[in-house]
Amino acid sequence: MHVGCRGGGGGGRMECSWKTVLLLVCASLGVQYTAIRTLRDSLSGPCHGGVYHCQSRQPKDSRWRALCDDSMLPIEMSAAASRRHILLFTTTRSGSSFTGQLFNQHPGIFYVFEPLYHVQQAFTNSSSRLRRALDRRALLGAYRDLLLNLYTCDLRFLENYIRPEPQEHITGSFFRRSSSRALCSPPVCPEGGEGASGGQPDETWCPKKCGALNLTLASMACLSRGHVAIKTVRVPEVGDLRTLTEDPRLDLRIVHLVRDPRAILASRMMAFSEQFHAWKIWNATGRKPRYVDLSQITSTCRDMAESAETGLQRPAWLRGRYLLVRYEDLALNPAEKARELYKFVGLEMDENVRSWIAQNTNNSVPSTSEWNYKYSTTRDSKATAESWRLRLGFDIVRTLQTLCNDTLSLLGYRAVHSVADLRNMSNSLVEPRTFQTLL
Ligand SMILES: *[C@@H]1O[C@H](CO)[C@@H](O)[C@H](O)[C@H]1NC(C)=O
Ligand SMILES: *[C@@H]1O[C@H](CO)[C@@H](O)[C@H](O)[C@H]1NC(C)=O
Ligand SMILES: *[C@@H]1O[C@H](CO)[C@@H](O)[C@H](O)[C@H]1NC(C)=O
Ligand SMILES: *[C@@H]1O[C@H](CO)[C@@H](O)[C@H](O)[C@H]1NC(C)=O
Ligand SMILES: *[C@@H]1O[C@H](CO)[C@@H](O)[C@H](O)[C@H]1NC(C)=O
Ligand SMILES: *[C@@H]1O[C@H](CO)[C@@H](O)[C@H](O)[C@H]1NC(C)=O
C-alpha cells in the first residue's frame, strides 16, 4: 500500500492524488508516515538538504544515519537539528487566534493556521461507503501524517487534500492563508514587504495582492525560517499525538491552550449563530428547548480534561513537550505568559512579538493593527476573558457546570451558584493556578 502512495519521483507530483481516499486507506492500514522525497529534487536554498533530508529518512537505514550525524555536517546544517516543531493544540473559540499570533509574529517561525481543515474536508466529502470504511483512527492517522510533512516543510503533501486540486503546485484555496505571516511576505508574496498592508488587516490585502499560493515557494520559505508552528483545533486528545512526540525526526513542543468551557460556549454562540440557534433560544427564554445538542460541548470538556490529565501526569513520551496554558492567564498577563511560552519552546522571544503584544493588548498604546478591526474586544484582554458572564443565561451556566464539573475543577474555574454571583465581575471565577509541567 505504501508503494501505491509514492510520488512520481523527480516530478514531485503525487500519483495517488486522484483519490484522497487511497491515501486514507493507507492510513487505516497503519501507515503512519509517507516519506518526504520530492522536495529534494525541486528545491534549492540555503537550508535545503543535509539534516532535513536525513531526518526524513528511516532512522534505521544506516546509509542515511551516517549522514545524519551532526558532527559530520557543516555548522549551518547542524543548526537545522535544533529546529522546534510547535503545536498549538486547542479547540474552537479558546483564544487560539490570539495565542497563535505570539508565534506568527516571530520572523524565525513558519506559522500555519489549521492546515488539518483540508484533511477533514476531503475526508467528509468522500462517499459515504468509503467514509464508513475509514474510521476515526484513519482520520487521525491522516492528521499526523500531514503534521509530520508540514513540520518537515513539505507543503506539497497538502495537495492531496486541497480542493480544487492545485495545478502546478499553485493553489488559490489554501485555508486561511492570510493568517500566516510567512505566506503573505516575500519570497512567497513579493508584494508583501514592509508597509504592504497600508494599515489594512492581512485578511483584506493579502489575498488581493499576493494572488495564488505557490506551494513550492511556501516550502522553501518554511525551510528558510528556523522553526515551524502549527495551530489545530481538530485533534481531540493529546494522546493522539504520541507517535509525533516520539518521532526522532521531530522536536515537538505541545502548547495545550484551554479556556473556561462556559466562555467557549458563549463565544461559539456568538460566532456560529445558526448552528447554535437552539442555544440562543435557551439563552433568551431561560427555557431549554428539547432539541439542544449538548454533545459537542460535553466532548469538548471531556477531551480538554483528558488531555490535561495526561499532560499533568507527565508520561515519559510527553515529558518536557507539554505545556498547559489557560487563555484567561494569557489574557490577564500577555507579556509574562508569552515569555513562559517562549521559554517552554526554547526560543528567544523576538522584538516583533513584544511589540505586537504591546500594540494589541494595551489600550494606552495607539494602534492601527488588524487585530483591532476584527477582534476589537481583544484590546482589553483582561475584561474580555470573563465577559461571557454577562452574555450567558444562568440556566445554561448551571447546566454546563454539571456537564463539565470535572473539567472546571481540574483547570481551576470556579462554579457560580446564583445569578448575582455570575454577574458580579468583582469576583473572578479563575482561581490562581500553576500547572507545573516543565520538568
Ligand atoms: C464536495 O463534493 C461536491 C460534489 O462533488 C463538490 O461540489 C464540493 O465542492 C466538494 N466540497 C469540497 C470541500 O471539496
Ligand atoms: C513556483 O515557485 C518555484 C520556485 O521559485 C518556481 O520554480 C516555479 O516556477 C513557480 N511556479 C509557478 C507556476 O510560477
Ligand atoms: C501600556 O502602555 C503604556 C504607555 O506606553 C505603558 O506605560 C504601560 O506600561 C503599558 N502597559 C502594559 C501592561 O504593557
Ligand atoms: C443571551 O441573552 C442576553 C439577553 O438576555 C444577551 O444580551 C446575550 O447577548 C445573549 N448571549 C448570546 C451568546 O447570544
Ligand atoms: C462538582 O461536583 C462536586 C460534587 O457534586 C461539587 O462539590 C463541586 O463543587 C463541583 N464543582 C464544580 C466546579 O462545579
Ligand atoms: C460583588 O462582590 C463583592 C465582593 O464579594 C461584594 O462586596 C459586592 O457587594 C458584590 N456586589 C453585588 C452587586 O452583589
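All values below were derived from every heavy atom in this structure, side-chain atoms included, with hydrogens, water molecules and symmetry-related copies excluded. Computed from a predicted model, the values in this text were never measured in an experiment. Starting from 1, each residue takes its place in the sequence as its number. Just so you know, ligand 1 is whichever comes first in the structure, and atom 1 is the first atom listed for that ligand.
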Decide if the gap between the ring center of Phe276 and the ring center of Trp282 is smaller than 6.0 angstrom.
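Here the rings of Trp282 and Phe276 have centres that are no less than 6.0 Å from each other.
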Please report whether [atom] has a protein non-hydrogen atom at a separation of less than 4.0 Å.
atom	value
atom 4 (C) of ligand 4	no
atom 9 (O) of ligand 6	no
atom 14 (O) of ligand 4	yes

Which atoms of ligand 2 sit under 4.0 Å from any heavy atom of Leu217?
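Atoms satisfying the 4.0 Å criterion: 2 (O), 5 (O).
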Proximal atoms of ligand 4 relative to [X] (non-hydrogen, under 4.0 Å):
X	answer
Lys280	14 (O)
Met270	13 (C)
Arg391	1 (C), 8 (C), 10 (C), 11 (N), 12 (C), 13 (C)
Met269	13 (C)

Any donor-acceptor N or O pair under 3.5 Å, side chains [X], [Y]:
X	Y	result
Arg176	Ser97	no
Arg234	Gln120	yes
Arg391	Ser387	yes

Angle class for the Phe175/Tyr117 ring planes (parallel below 30°, perpendicular above 60°, tilted otherwise)?
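Parallel: the ring planes of Phe175 and Tyr117 meet at under 30°.
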Nearest-neighbour protein heavy atom for [atom], which is reported as residue plus atom name and distance:
atom	result
atom 12 (C) of ligand 4	Asn283 ND2, 3.5 Å
atom 7 (O) of ligand 4	Leu390 O, 4.8 Å
atom 6 (C) of ligand 6	Asn424 ND2, 4.1 Å

Look at the side chain of Glu114 and the backbone N and O of Val112, then say whether any donor-acceptor pair between them is shorter than 3.5 Å.
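No: the side chain of Glu114 does not pair with the backbone of Val112.
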Test your reading of the model: is there a side-chain donor-acceptor pair from Arg326 to the backbone of Leu411, 3.5 Å cut-off?
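Yes; judged by distance alone, with no hydrogens or angles, the pair exists.
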Please identify which atoms of ligand 6 are closer than 4.0 Å to at least one heavy atom of Ser426.
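Numbered from 1, ligand 6 contributes 1 (C), 2 (O), 3 (C).
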Of all the atoms in ligand 6, which lie at a distance below 4.0 Å from a heavy atom belonging to Asn427?
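That gives atoms 2 (O), 4 (C), 5 (O) of ligand 6.
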Under the side chain to side chain donor-acceptor pair (under 3.5 Å) rule, what do Arg268 and Thr92 come out as? Steps first, then yes or no, please.
CA-CA 8 Å; Arg268 287 180 184 172; Thr92 43; 3.1 Å; yes
Validation row: Gln401, Val416 side chains within 4.5 angstrom (heavy atoms):
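They are in contact (side-chain heavy atoms under 4.5 Å apart), so the answer is yes.
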From the candidates Asn214, Val188, Leu213, the one that places a heavy atom nearest atom 11 (N) of ligand 2:
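Shortest heavy-atom distance from atom 11 (N) of ligand 2: Asn214.
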